[in-house]
Structure formats: structure tokens, C-alpha cells
Amino acid sequence: MSKKTFTLILILMSIALTGIITMQALWVNNAIKIQEKQFEQNIFSAMKNIISTLETKSVAVRVQFQLHQLDQNMEALISTSDTSVKKITVYTVRSDDSLKVTSTMDIDSVLSKIIIEINTNDNPLERFQLNLLDTIIIDEMKNFGIYLPYEFAVVKFADSIAYKSKGFTNVNLQSNYRSNLFAQDATDKDYYLILDFPDKQTYLYRSVSNLIFFSVFFTLIIVLTFILTIYYMLKQKKLSEIKTDFINNITHELKTPIATLQVAISTLKYDPKFEENETLKLIERQGNRLQTISSRVIDSSFHNKPKLKEENVQIEKFLKVLLSDFEKSMSDQNVKWTHNFTSISGVQLYIDKAYFRAAINNILENAIKYNDKTEKQISVLAKVQKDTFILEIEDNGIGISDKDRRSIFDKFYRGLKGNIHDVKGLGIGLFFTKQIIELHGGKISCESKMQKGSKFIIKIPVNV
Ligand code: ADP
């Protein structure tokens, strides 16, 4: 992997990771805000109910109290569903325990007495039985399903405390949960009921704790995967660099002894007995083979692409010589060759002869290497079509699977079948061939059927 690709992957992964973490944070934050809003709505509704219950209960208690004063011999029970005085019903219980509605009683005077008493009271808070507040709040909180410790106070002009719960301090005065005790009353609008929940924040976080837990958990897994991926990518990169360096070094180290061997062989060739000496000829063949392999490995571990020395070449003549040399070198194999050259006489290609020959030789070598038939058939077809020179080399070998076909032109790739049949190779032949064809402005492709054979097609533009 190139440094550029690595940096790009790193940047993309970092952006994705930052995005995911930011989204999770926004999501959690949003959930807390929704919870807070819901909580706030519940609290304000509860406070409205608390104040209205307080009003009702206070009036009921006062009326009861007034009726007691009115007639010592009667016990009065007051029931009211509204603070409106008109709806008060008065029952009396006589001393003989019989229940009777006191229709004869002067209710108007009772009520007017109460109203006068309420209205003439200087301190508006006197209208309320504030000691009822604690139980009313407990009930309302239960109604709204809020089981949080709270502090409350009734304050006048923002901060003068008239009545408060035990733990209420000046800190609790900052609470936003405050409701006017006399919302309808224009003159007494400066009296507030304040509720404060010291553990509110913890409660809110706890209410989205599942969400926070899973968000953090999955984000951690993503971060961990990210770190592991980077770690293994770096490790892989380092390994691949070491491998390439090693191959480069070893082939460079081999170059000198191979060159010396070839010089020695060419000196030996002056000896007239050379042609009869099979051992010397074997040494020459293997020396040449070693030389080809090492130079291909060096060429393939490109940082350095091969530099072509191109010239105009009569392609028909070039192919004929190439094929006849190759056929001779494979004379020990049972190969049936077929050539079919159409309309290529006089056609010139602008190519580097040495590299082009090596590229085609690779395909021919493979056509024999990967063939388990007793009679190997190789057909070579050359033609020119619409200013394009087309060369097709077809064999009746083992064929290439679809999966392998996608990778055979990759550096160091060896097909599974190649290994099974114990055919020697480095996996750089077709990589090299493809590179050479492309440097000539051409294209190479492959068609194949398992057990039937393979066809390699080369297309090179013809100079006109
Ligand atoms: P090598 O021959 O050293 O393995 P190549 O790059 O020349 O490397 O070929 C890559 C792979 O492509 C081979 O390992 C083999 O599996 C497959 N292959 C190439 N040519 C043929 C062919 N004519 N028939 C079947 N398989 C082939």
C-alpha cells in the first residue's frame, strides 16, 4: 500500500470516527434535553396542582373552623369540589347522631363572615394553611411519578423566605421551578412557591443511562477496531517493505556471480568441444535462466519501471523468429503448434524487442507449464483489426478459475492450481507481461475454461 493510500485511509477513518463520536454525543445530549423538558413540564403541572390543592384545602379548613365557632353544639363537615364559595355544601350532625342538612341555617351570613375574614387579613399568606404544603407536595410528586428528594419554600419578593422545608437553603433559591401563588391576583403577585431538586442532574443522566452505556460501549468498539486496523496496516506495510527490500537485496547480490558465470561460459564456448559437452550446455541454460529470473525480479519490484528502447519492428518476421526459437527450446515437450497470421505482413510495431519478446515468452511458457495433457496444443493467432494489432495465444491446459483470473496479473500472485500441480514459479511472469504491454500502449486480457484451456489476448495500437 502506498503512503498516499495509507494517509487517505487514515484521514477517512479519522473523519468517520470523529463524526460518529460527535453524533453519539449530540444524540445523548438531545435525549437529556428531551428528558429535562419532560421533567420541567411535569414539575410545572405538579406545582399548579399543588397551589390549587393548597387553596382548596385551606378554604375548607377555614370554613370548618368558622362553622365550629358558629355553633358549638354542631359538628360541621364541609365538602367542596371547587374554591368557589357557591359550591360549598354544609351538613350538620346533631347531638343525637342523625344527619341533617341545615337548610334553615343562615349560610349567607356564615360565608360572608368567612369572606370578610379572608379579605381583611393583611398578610395574603394567611389565606393558606402552609403547614399542609409538605403532604400536598408528596402526593403530587407521586401522582407525576417523580421520586426525587426535593426542597421547597414559599418566598416573597424573590428571596424573603416565608415558609420552607427543613433542608431549604439560599442555594435552593436559584431553582427555576417557581410558581406564583396568586396568579390571578394583581395585587399579590410577588409570592412564589419554589421547588428545587438537588439531585436533578444525576436523575436526568440516570434516565438516559442505557443510551449512554450503549453509545459509549459501541463507540469504544469502533475506536478499538480503528486502532487495531491502523496497527495491523502499519505492521503489514513494514513487513511488505522488509520483504521487497529483501528480494531486491538478494537479487542484486545474485547479479555479480551470475554475470561472472556467464562470462566464464562465453569463454568456454570458444572451446570446439563445447557443443558436445552436455554438462556445460546445462550450465549455460541454467545460468541464462538464473539471469532472466533475477532481472525480472528486479524489474518487478518496481519503484523503477523498465525503460523501453523502442524501434519500428516488422511484426510478422519478429513473431516467426520468436516462435521458432521458443519451439526449439521446448523441443523435448510434446507440443502441437498452430500459427495463423492474417494481414500482418508488412505491419510495423513500435516496440522494445527484448522486453516484448520476454512478455510473449512468459505467456508461451505458461501455456506449457500449466498443461497436463499428453499432447499440448498451442495456437498463435496474429491479425490487424482497425489499426490494432491483435495477438491471441491459446492452450488446451488446466484452465484458470474465475477467482484466479481476476488476480493472475497481480504481482506475486500464483493461482491455486499452480501450486497444486507443483509448477515452479514466482508469480511475477504475467505481472511483468502486463506491465510491458501497457508500457507499449496496449492491453492484455484472458479468457479461460477450467480443464479446457486458456486464451491470452494482446492488443497493441499499430503506428500508421
Ligand atoms: P507463475 O507462473 O510464476 O506462477 P505468472 O504470473 O506467470 O506466475 O502466472 C500467474 C498464475 O496464473 C499462475 O500461478 C497460474 O496459476 C496462472 N496461469 C498463468 N498462465 C496460465 C495458463 N496458460 N493456464 C493456466 N493457468 C495459468
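Atoms within each ligand, like the ligands themselves, are counted from 1 in listed order. Nothing fancy with the numbering, it's 1 onward along the sequence.
Not close to ligand 1: Gly397, with no non-hydrogen atom less than 4.0 angstrom away. Heavy-atom distances between Asp395 and ligand 1 reach below 4.0 Å in at least one pair. The shortest heavy-atom distance from Ile400 to ligand 1 is under 4.0 Å. Taking 4.0 Å as the cut-off, Phe432 does not count as a neighbour of ligand 1 on heavy-atom distance.
Contact annotation: for Tyr413 versus ligand 1, heavy atoms closer than 4.0 Å belong to the backbone alone. By the criterion of a heavy-atom distance under 4.0 Å, the side chain of Lys369, and not its backbone, is placed next to ligand 1. Counting heavy atoms closer than 4.0 Å to ligand 1, residue Leu430 contributes atoms from both its backbone and its side chain.
Using the six-membered ring where Trp is involved, Phe318 and Phe356 have ring planes that are tilted, between 30° and 60° apart. Relative ring orientation between Trp337 and His339 is described as perpendicular, the plane-to-plane angle rising above 60° on a 0-90° scale split at 30° and 60°. Phe152 and Tyr163 have tilted rings, their planes meeting at an angle from 30° to 60° on a 0 to 90° scale.
Checked against a 3.5 angstrom limit, the closest N/O atoms of Ile398 and ligand 1 fall outside it.
Contact of the Trp27 side chain with the Ser215 side chain is registered, since non-hydrogen atoms from C-beta on lie closer than 4.5 Å.
Closest to atom 3 (O) of ligand 1 by heavy atom, among Gly429, Ser454, Gly427, Cys446, is Gly427.
Side-chain atoms of Ser448 and Ser454 form a donor-acceptor pair, as typed in the model, at a separation below 3.5 Å.
Short contacts between ligand 1 and Gly425, defined as distances under 4.0 Å to a heavy atom of the residue, involve ligand atoms 3 (O).
Crowding of Lys459 atom NZ: a count of heavy atoms from other residues, nucleotides or ligands under 6.0 Å not exceeding 12.
Under a 4.0 Å N-O distance rule, the pair Lys336/Glu375 does not qualify as a salt bridge.
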